[in-house]
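Taking it in order: structure first as structure tokens, then the write-up.
A, B, ... follow the sequence lines: proteins, then strands. Residue 1 opens every chain.
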2 protein chains.
Amino acid sequence: MLEGSDLAIAREAVLFASLPDELADTILQRATTRSYRRGETVFLQGDPPESIFVVLDGWIKLFRITSTGAEAVVGVFTKGRSFGEAVAFAGGAYPVSAEVVTDSRLLHVRASILSTMMRDRPEIATAILASAFRHLHGLVAQLEQLKAHTGAQRVAEFLLELCLREKGSCTITLPYDKTLIAGRLGMQPQSLSRAFNRLETQGVKISHNQATIADVERLREYMLQDRSAPWRKAE
Amino acid sequence: MLEGSDLAIAREAVLFASLPDELADTILQRATTRSYRRGETVFLQGDPPESIFVVLDGWIKLFRITSTGAEAVVGVFTKGRSFGEAVAFAGGAYPVSAEVVTDSRLLHVRASILSTMMRDRPEIATAILASAFRHLHGLVAQLEQLKAHTGAQRVAEFLLELCLREKGSCTITLPYDKTLIAGRLGMQPQSLSRAFNRLETQGVKISHNQATIADVERLREYMLQDRSAPWRKAE
DNA sequence: CTTATTCCTTGACTTTGGTGAAGCAGCGGT
DNA sequence: ACCGCTGCTTCACCAAAGTCAAGGAATAAG
């Protein structure tokens with residue numbers, strides 16, 4: 001049922017990484033895959049949770065629709081990342097909606113299967129907790145970013161996450177459209193544009209969906225600056 | 001070891017709510033309590049996690065120190081709330097620091113005990129997942145607030161959470177100092193002051209640590225307003 | 001009672017970023 | 001090639017909130 005390459009991706013996911021091969025394989029044998037087209041909804045906030053998902057390919061966005069209709073992006077995930085773990089066991093409903101932003105394939109693992117298996121194999125619970133913890137950590141990091149950094153700094157951080165190099169220069173392909181990047185970083189598309197402009201003075205060039213960082217260390221420096229520091233340089 | 005009133009509080013916590021009495025009691029018998037003075041540190045971000053905590057009395061703040069030394073408050077918990085669940089099982093280190101903001105008492109549950117017991121009683125895993133999920137949910141709500149509401153609206157939301165009434169008027173005692181409230185809501189103390197002033201036009205009065213809401217429904221209305229709506233009223 | 005300290009508020013100023021409108025480029029369809 | 005769509009950028013404007021600085025109120029200490 002599951003192709004070898006898919007299996008390899010799933011095995012890398014935090015959710016399965018700590019499990020012995022034999023156990024992970026048993027679970028994966030009972031999982032299914034499905035393709036989604038850009039724009040499709042995986043689930044809506046408020047839906048009763050039935051599955052845990054692992055992204056095999058493409059990009060998925062998790063977001064919340066506020067009471068006033070505004071959208072707040074809570075996470076954007078790609079290959080090897082799972083979502084929906086915690087909620088599938090805590091009862092209740094998905095607190096967010098999930099939408100496919102580029103054509104994608106997802107692995108579905110039915111929560112009921114995991115639930116049952118957990119009875120005999122408590123290490124599954126630990127694995128799920130590890131996944132949930134990773135999400136917690138990601139959300140905490142986002143909160144910190146939002147509270148302590150300016151828009152341009154958040155953009156810098158976003159670029160640096162995509163850049164594998166530690167130093168020197170680096171060219172990145174933006175993984176999804178700028179409107180979504182803006183949402184993920186908690187700003188309007190217009191502000192993202194301005195942020196990119198501001199980063200030009202830090203050696204960042206954007207053309208189409210390619211970003212070039214002239215000096216990774218310099219950009220990291222900029223990102224880490226204290227909010228009140230910039231004017232100090234004017235002295 | 002555990003007083004009756006403490007036991008009652010702990011039993012109410014999400015962490016234990018779903019467990020059968022017999023199991024919860026077994027765990028609680030092996031837990032310890034400790035008193036803390038205002039300002040004490042419970043753990044620091046980066047510490048290896050050993051315990052799960054349940055607040056029996058007082059207020060605890062969870063926060064992160066950013067690379068630049070700024071503080072980002074991630075949560076403020078009181079009686080009946082637990083913290084540290086997910087990390088205690090996911091390995092790694094606490095992603096946040098915990099500090100006591102008013103004299104408090106905490107229940108410590110050693111993670112190793114729960115780990116061991118989980119082997120025979122998988123429902124413990126589900127209980128921990130439920131707790132972790134609650135935190136996830138709280139963080140998602142905070143992100144949404146931060147991205148979609150103005151400062152004054154967040155303050156309104158904060159007050160409404162403390163107000164038990166659904167309608168009419170209501171007086172609240174602010175649970176901790178304003179500097180911390182400001183931190184929790186992602187703003188500077190000065191901005192909190194100004195936000196309070198702004199809410200006066202919505203029938204909110206602050207004196208010392210007492211807040212009076214003249215009309216709860218009116219304030220809720222204000223909180224739910226779209227960001228772009230206010231000026232529309234000027235037409 | 002006086003002083004020091006801490007916390008809170010206010011004021012003036014500046015920066016950031018949201019808003020609405022306009023323009024432009026790229027792309028798909030006819 | 002032409003149209004219309006969508007996504008991105010730019011502009012001008014303004015509101016929200018951070019910063020620095022000063023002053024007030026309550027509390028603790030001498």
Would you tabulate the nitrogen or oxygen pairs shorter than 3.5 Å linking the protein to nucleotides 23-25 of chain C?
none

Mind checking what makes ring pair (Phe, Tyr, Trp, His ring centres under 6.0 Å) contact with Y94(B), not counting sequence neighbours?
F43(B)
The salt bridge (Lys or Arg N to Asp or Glu O under 4.0 Å) partners of E40(A) (sequence neighbours excluded) come to R34(A)
Pairing residues for H149(B) by the ring pair (Phe, Tyr, Trp, His ring centres under 6.0 Å) criterion, not counting sequence neighbours:
none
With a 4.0 Å heavy-atom cut-off, tell me which residues in residues 192-201 of chain B come close to DNA chain C, sorted by residue number.
S193(B), R194(B), N197(B)
Partners passing salt bridge (Lys or Arg N to Asp or Glu O under 4.0 Å) against E200(A) (at least two apart in sequence or in another chain)
none
Name every residue in residues 173-181 of chain A that has at least one heavy atom under 4.0 Å from any atom of DNA chain C, in order of residue number, or write none if there are no such residues.
none
F158(B): partners by ring pair (Phe, Tyr, Trp, His ring centres under 6.0 Å), with sequence neighbours left out
none
Just grab all the ring pair (Phe, Tyr, Trp, His ring centres under 6.0 Å) pairs involving residues 178-223 of chain B, residues at least two apart or on different chains.
none
Name all pairs fulfilling the ring pair (Phe, Tyr, Trp, His ring centres under 6.0 Å) condition that reach into residues 162-191 of chain A, sequence neighbours left out, sorted by first residue then second.
W59(A)-Y176(A)
Hey, what bend do you get for the helix from dC1(C)-dG30(D) to dT30(C)-dA1(D) if you fit axes on five pairs at each end, rounded to 10°?
30°
Residue set satisfying ring pair (Phe, Tyr, Trp, His ring centres under 6.0 Å) with F77(B), at least two apart, ordered chain then number -> H135(B)
